[in-house]
*Asks:* 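So that we are looking at the same thing, I have put the structure below in structure tokens.
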Amino acid sequence: MEYITESPAQTQALGKKTADELIKSIKGKSAKVFALTGDLGSGKTTFVQGFAKGLGTSARIISPTFILMRKYLVPGNKFLNFYHVDLYRLEGDTENEVINLGLTDIWKNPENIVVIEWAEKIKNIIPEVKTEISFENLGENKRKIIIL
Ligand code: ADP
Ligand code: MG
């Protein structure tokens with residue numbers, strides 16, 4: 001599905017809608033992985049802010065500067081954890097780094113919802129079963145967001 005948003009608020013609303021649909025459809029059989037791709041400033045973190053709101057997390061989502069991964073609790077559902085991962089600063093053997101971070105164990109666990117910014121950096125090891133979301137800056141406040 002392809003969307004054009006015209007403000008950060010619209011991108012957040014799309015993130016929230018995506019989380020709302022996930023919560024409705026969740027069956028707990030496998031981890032839920034969301035692979036976000038697109039350039040700096042294309043709206044990935046903004047989308048994640050809305051997504052977190054849809055999950056009911058009260059924590060403010062920011063772009064982690066040095067921390068690659070943050071874990072949030074999903075209130076009202078003690079079986080679910082939400083991980084926000086941002087691989088922007090990951091360099092070198094990114095795939096090996098991600099294994100060392102423990103991410104491959106995290107995304108195997110059916111109790112986890114994992115949203116990964118800069119997923120293009122680990123395309124060879126990311127799980128096959130995932131939702132792919134690409135972001136493109138169309139200038140000013142316009143962003144193209146494709147959810148596959
Ligand atoms: P990324 O995580 O992809 O680097 P961010 O979400 O951190 O991107 O930043 C997007 C920037 O673009 C923010 O400064 C935001 O205010 C701005 N922006 C303008 N229009 C939009 C839009 N339609 N959707 C998302 N962000 C937008
Ligand atoms: Mg970001």
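For ligands, and for the atoms within them, numbers begin at 1 and follow the listed sequence. Here the structure is a predicted model, which means the values were calculated and not measured.
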*Asks:* Suppose the criterion is ring-ring contact (aromatic ring centres under 6.0 Å, His included): which pairs have a residue in residues 129-148, not counting sequence neighbours?
*Replies:* Phe47-Phe135
*Asks:* Mind checking what makes ring pair (Phe, Tyr, Trp, His ring centres under 6.0 Å) contact with Tyr88, not counting sequence neighbours?
*Replies:* Trp118
*Asks:* Decide if the gap between the ring center of Phe51 and the ring center of Phe82 is smaller than 6.0 angstrom.
*Replies:*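 Close enough - the centres of the two rings lie under 6.0 Å apart.
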*Asks:* Can you work out which protein residues put a heavy atom within less than 4.0 Å of ligand 1?
*Replies:*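 Its neighbours under 4.0 Å (heavy atoms only) are Thr5, Glu6, Ser7, Pro8, Thr11, Asp39, Leu40, Gly41, Ser42, Gly43, Lys44, Thr45, Thr46, Glu117, Asn141, Arg143, given by chain and number.
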*Asks:* Leaving waters out, which protein N, O or S atoms fall under 2.8 Å from the Mg ion (ligand 2)?
*Replies:* Thr45 OG1, Glu117 OE1
*Asks:* Can you check whether Leu36 reaches Ile116 side chain to side chain, under 4.5 Å on heavy atoms?
*Replies:* no
*Asks:* Counting distance only, does the side-chain N/O of Thr57 pair as donor-acceptor with the main-chain N or O of Leu73 below 3.5 Å?
*Replies:*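 No.
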*Asks:* Test side-chain hydrogen bond (donor to acceptor under 3.5 Å, both in side chains) on Thr11 and Thr5 and set out the steps.
*Replies:* CA-CA 6 Å; Thr11 297; Thr5 66; 2.7 Å; yes
*Asks:* In sequence, state the C-alpha distance, the side-chain angles, and the governing distance for Val85 and Trp107, and then conclude on side-chain contact (heavy atoms from CB on, under 4.5 Å).
*Replies:* CA-CA 11 Å; Val85 182; Trp107 70 39; over 6 Å; no
*Asks:* Under a 4.0 Å threshold between the charged nitrogen and the carboxylate oxygen, would Lys16 count as salt-bridged to Asp20?
*Replies:* yes
*Asks:* Kindly say whether Gly41 contributes a backbone atom to a donor-acceptor pair with the side chain of Arg143 at under 3.5 angstrom?
*Replies:*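 Judged by distance alone, yes, a pair lies under 3.5 Å.
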